[in-house]
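Written below as structure tokens is the structure these notes are about.
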Amino acid sequence: MENYFKKSVLKLDGYISPPQKEYLAKLNQNENPFDVPQEIKAELCKEAEKLSWNRYPVNTSPELRNQLAEWHHVRETQILLGSGSNQILQTLLSAVIEPGDKVIYCPPTFSLFDLYTDVYGGELIKVHHAPGGKFPINELLQAVEQHNPKIILLCSPNNPTGFEMELQDLERVCKTAPGLVFWDEAYGEFSDQSAKYLLDKYRQLIISRTFSKAFSLAGLRFGYFLAREDIIAQLVKINIPYNINLFTEMVAIRLLQNLSFMEKHVAYIKNERERLYNQMTAIEGIKVFPSAANFLLFKSTDGTNLFMELKNRGILVRDVSGYDLLDGFLRVSIGSYEENNLFLHKLTDIFEDQI
Ligand SMILES: Cc1ncc(COP(=O)(O)O)c(C=O)c1O
């Protein structure tokens, strides 16, 4: 293989896809527990019959960008569409990183940040942020001044910790950064803030959003960037042509025409997040961390192997032990009311069984 592939690829483990099998409660991928309502699915499937499947879609989906622009109060030329936000993150990093370029990020955070940076030969500079700790803004600013990074990769609310960085801190980073600042808002709809209002102020800011979480569309793959026009104009040049398929485009447009489903589901999930957080806090033997996303980070405080104990009881959560600083930690997605109750019951059982 040495003759065929880059060294940076050969040494990678690659993205490890978590199990997708059926469990009593599948709470391991931060998916939305609510599917798109059946009547909308039926209506869209009928509409799909009328499309010309033999033709390419209109490149860069102007109608979809129009709808997004209206929602976010930006111009459509400020939007780049992706087959999932991961696809355009890869496009972005391929356009930015040359071998040896410095890339700063704050682990534990989204796993694809280091995967893609490695592939393009970037040098990762880590500014660690321990769960529950104060955000190391001064260390981050110092690292930016010292290393002159080509790009800084931030995620807020952060996966897998749920921590939300203050926009004031983002502004300080933008003021100091010599290069681009990437801000992943995949869980933005579950939080009360968005950095989109800073786009006019900071030329190098790129915001990433997705329909995989709040919009219940993980299976159809759709995400997008918001940035200044001149930044998007560069990225459009190398984005894969026709990357949004006809069906995904049609569904996304339909969901944007009636945001009430998404908003209703998000409100429900935020309520459940509070309920789960409070009830987990009350269980002795568990430490749980506040979250602005659709999941909670937690761990056992007495060494119980909660991942296996939960799995044996039919509950699948995400073992995030492999991340920096997260040895022994787990992440649970907020599910439906029934799934959350099941999770809480099984969790309580584990500790009662030990007595
Ligand atoms: C921080 C973050 N960004 C992006 C994504 C993926 O988004 P998409 O499904 O749009 O590729 C995820 C998914 O888990 C995520 O946690």
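Each ligand, and each atom within it, is numbered from 1 in the order the structure gives.
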- prompt: Do K7 and F5 meet the cation-pi criteria used here (NZ or CZ under 6.0 Å from the six-membered ring centre, within 45° of the axis)?
  reply: no
- request: Please determine if R331 forms a cation-pi arrangement with F295, meaning its NZ or CZ atom is less than 6.0 Å from the six-membered ring centre and no more than 45° off the ring axis.
  value: yes
query: So which of S111, S85, G223 gets nearest to atom 4 (C) of ligand 1, if we judge by its closest heavy atom?
result: S85
- request: Assess whether atom CD of E63 is packed by more than 12 heavy atoms of other residues, nucleotides or ligands within 6.0 Å.
  value: no
message: Starting from atom 11 (O) of ligand 1, what is the nearest protein heavy atom, named by residue and atom, and what distance separates them?
response: R221 NH2, 2.8 Å
statement: Nearest non-hydrogen protein atom to atom 9 (O) of ligand 1, with distance, is S212 OG, 2.6 Å
- line: Applied to residues 330-350, the ring pair (Phe, Tyr, Trp, His ring centres under 6.0 Å) test, sequence neighbours excluded, yields F298-F343
Heavy atom of the protein closest to atom 5 (C) of ligand 1 (residue, atom name, distance): F110 CZ, 3.6 Å
- line: heavy-atom search around atom 6 (C) of ligand 1 in the protein gives N86 OD1, 3.4 Å
message: Heavy atom to atom 14 (O) of ligand 1, shortest distance: which of K213, R318, Q29 holds it?
response: K213
query: Y187 to ligand 1: N or O pair under 3.5 Å?
result: yes
message: Just to confirm my output: which protein heavy-atom neighbour is closest to atom 3 (N) of ligand 1, and how far is it?
response: D184 OD2, 2.7 Å
field: F182 and F225 aromatic centres sub-6.0 Å
entry: yes
Member of E164, E185, K270 meeting the side chain to side chain donor-acceptor pair (under 3.5 Å) criterion with S191: E164
